[in-house]
Amino acid sequence: MRLDVVSIFPEFFSVLDVSLLGKARQQGVLDVHVHDLRDYTHDRHRTVDDTPYGGGAGMVMKPEPWGEALDDVLGDDTDAVVVFTSPAGERFSQSIARELAFERRIVFACGRYEGIDQRVVDHARGRARVRELSLGDYVLNGGEVAATAMIEAIGRLVPGVVGNPDSLTEESHEDGLLEYPSYTKPAAWRGLEVPPILLSGNHAAIAAWRREQQLERTRRMRPDLLEES
């Protein structure tokens, strides 16, 4: 999979060089390219924003640098997915991460300030598949944190990134429920014991216990997930 990121803070994405994603990049499983939006400006101040039409607080990212950046990054590739990170977008989820993990190429456009001129999004729809995605129901200073989180969630689902693919199937949200609690050695720690069922060796009973724990934890922490399922 190829991942392109366009941002005014390209250094932010150095975090993608560490851990499993960094190893996947070294092995060629993930091909990541980060582009500085300011490289597509033509004034001495490398300006990427201006005041909004209609008035209001804040600044809006200008269409010209974004247009040139997407022209350069996309080229003639009409099969790529362009993700605009935005609090006004569709809420990102595990199912969306799973869906995007099958894509050949994703371009992340990281907005700042009051967002990107809407014409950039509209124009991109005419040349690529566009997704407007929000990390959650809150506002960040920019799209870099959201893009990094999405890349992590998507990237780890790409075959070859996680060593044991079976570990991906039992995680929170994979089946619409939260993951069951996990334990390791020692069996007793600071007066707290590992649930005896996990020491029994009865795999059917363990599976049933884990399922019940998923339901109980989801009921307690995220009842909305039970309603959705």
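Because the structure is predicted, anything quoted here is derived from the model rather than measured.
With a 6.0 Å radius and a threshold of 12 heavy atoms from other residues, nucleotides or ligands, Y138 has its OH atom above the threshold. Residue R91 qualifies as open at atom CZ: its count of foreign heavy atoms under 6.0 Å is 12 or below. Remark: H123 NE2 is loosely packed, at most 12 non-hydrogen atoms of other residues, nucleotides or ligands lying under 6.0 Å away. Atom CG of D43 has more than 12 heavy atoms from other residues, nucleotides or ligands within 6.0 Å.
For the residue pair M1 and E103, the shortest heavy atom distance occurs at CE-O, 3.2 Å. When every heavy atom of V194 is checked against every heavy atom of P186, the shortest pair comes out as CG2-O, 4.0 Å. Taking all atoms of both residues into account, the shortest heavy-atom contact from A153 to L157 is O-CG, 3.5 Å. Closest of all the heavy-atom pairs between V120 and P63 is CG2-CA, 3.6 Å. Nearest approach of L30 to G155, heavy atoms of both residues: CD1-CA, 4.3 Å. The two residues S134 and G89 make their nearest non-hydrogen contact at CB-O, 3.6 Å.
One finds the CD atom of E11 at 9.0 Å from the CD atom of E144 (value rounded to the nearest 0.5 Å). The structure places OG of S86 at 11.0 Å from CG of L140, a figure rounded to the nearest 0.5 Å. Rounding to the nearest 0.5 Å gives a distance of 11.5 Å between CG of L178 and CZ of R219. Between the CE atom of M59 and the OG1 atom of T51 there is a distance of 6.0 Å, given to the nearest 0.5 Å. Taken to the nearest 0.5 Å, the OH atom of Y183 stands 11.0 Å off from the CD atom of E193. Rounded to the nearest 0.5 Å, atoms CG (L225) and OG (S93) are 10.5 Å apart.
Residues D36 and R46 meet the side-chain proximity criterion, which asks for heavy atoms closer than 4.5 Å. Y113 has its side chain within reach of I8: a pair of non-hydrogen atoms, C-beta onward, lies under 4.5 Å apart. The side-chain heavy atoms of M150 and L100, taken from C-beta on, include no pair separated by under 4.5 Å. The shortest distance between side-chain heavy atoms of F108 and I154 falls below 4.5 Å. In this structure, W66 and V6 have side chains that are in contact, with non-hydrogen atoms separated by less than 4.5 Å. The shortest side-chain heavy-atom distance between V34 and S7 does not fall under the 4.5 Å cut-off. For the pair T85/V145, no side-chain contact is recorded, criterion being any heavy-atom separation below 4.5 Å from C-beta on. Looking only at side-chain heavy atoms (C-beta outward), K62 and L37 stay at 4.5 Å or farther from each other.
For the pairing with R105, the side chain to side chain donor-acceptor pair (under 3.5 Å) check across D31, D4, D79 returns one residue only, D4.
Cluster membership check: V18 shares its hydrophobic cluster with V161, using side-chain heavy-atom separations under 4.5 Å among Ile, Leu, Val, Met, Phe, Trp and Tyr. F12 and V5 fall within the same hydrophobic cluster, where Ile, Leu, Val, Met, Phe, Trp and Tyr residues are linked whenever their side-chain heavy atoms come under 4.5 Å apart, directly or through other members. With hydrophobic clusters built from ILVMFWY side chains whose heavy atoms lie under 4.5 angstrom apart, F102 does not share a cluster with I96. A single hydrophobic cluster is not seen to contain both I197 and Y180; linkage of ILVMFWY side chains at heavy-atom distances under 4.5 Å, directly or through other members, places them apart. Under a hydrophobic-cluster definition in which Ile, Leu, Val, Met, Phe, Trp and Tyr are linked whenever side-chain heavy atoms come within less than 4.5 Å, directly or via other members, W209 and M221 are assigned to different clusters.
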Original post:
Between V82 and R127, is a side-chain contact (heavy atoms from CB on, under 4.5 Å) present by the stated rule, with each step listed?
Top reply: CA-CA 10 Å; V82 180; R127 60 182 306 178; over 6 Å; no
Original post:
Could you walk me through whether L226 and L215 pass the side-chain contact (heavy atoms from CB on, under 4.5 Å) check?
Top reply: CA-CA 8 Å; L226 289 177; L215 290 167; 4.2 Å; yes
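Judged by distance alone, with hydrogens and angles left aside, the side-chain atoms of T47 form no donor-acceptor pair with the main-chain N or O of D49 at under 3.5 Å. Formation of a donor-acceptor pair under 3.5 Å by the T41 side chain with backbone atoms of V48 is not found in this model.
In this model, a donor atom of one side chain and an acceptor atom of the other lie less than 3.5 Å apart for E68 and H42.
Look at R25 and D17 and you find a salt bridge, because one of the NZ, NE, NH1 or NH2 atoms lies within 4.0 Å of a carboxylate O, short of that distance. In summary, R156 and E152 do not engage in a salt bridge, as defined by a charged side-chain N under 4.0 Å from a carboxylate O. Salt-bridge check for R2 with D77: failed, with every basic side-chain N at 4.0 Å or more from each acidic carboxylate O. In summary, E179 and R217 do not engage in a salt bridge, as defined by a charged side-chain N under 4.0 Å from a carboxylate O. With respect to the salt-bridge test (charged N to carboxylate O, under 4.0 angstrom), the residues D117 and R119 qualify. The pair E99-R131 counts as a salt bridge, with a side-chain nitrogen and a carboxylate oxygen less than 4.0 angstrom apart.
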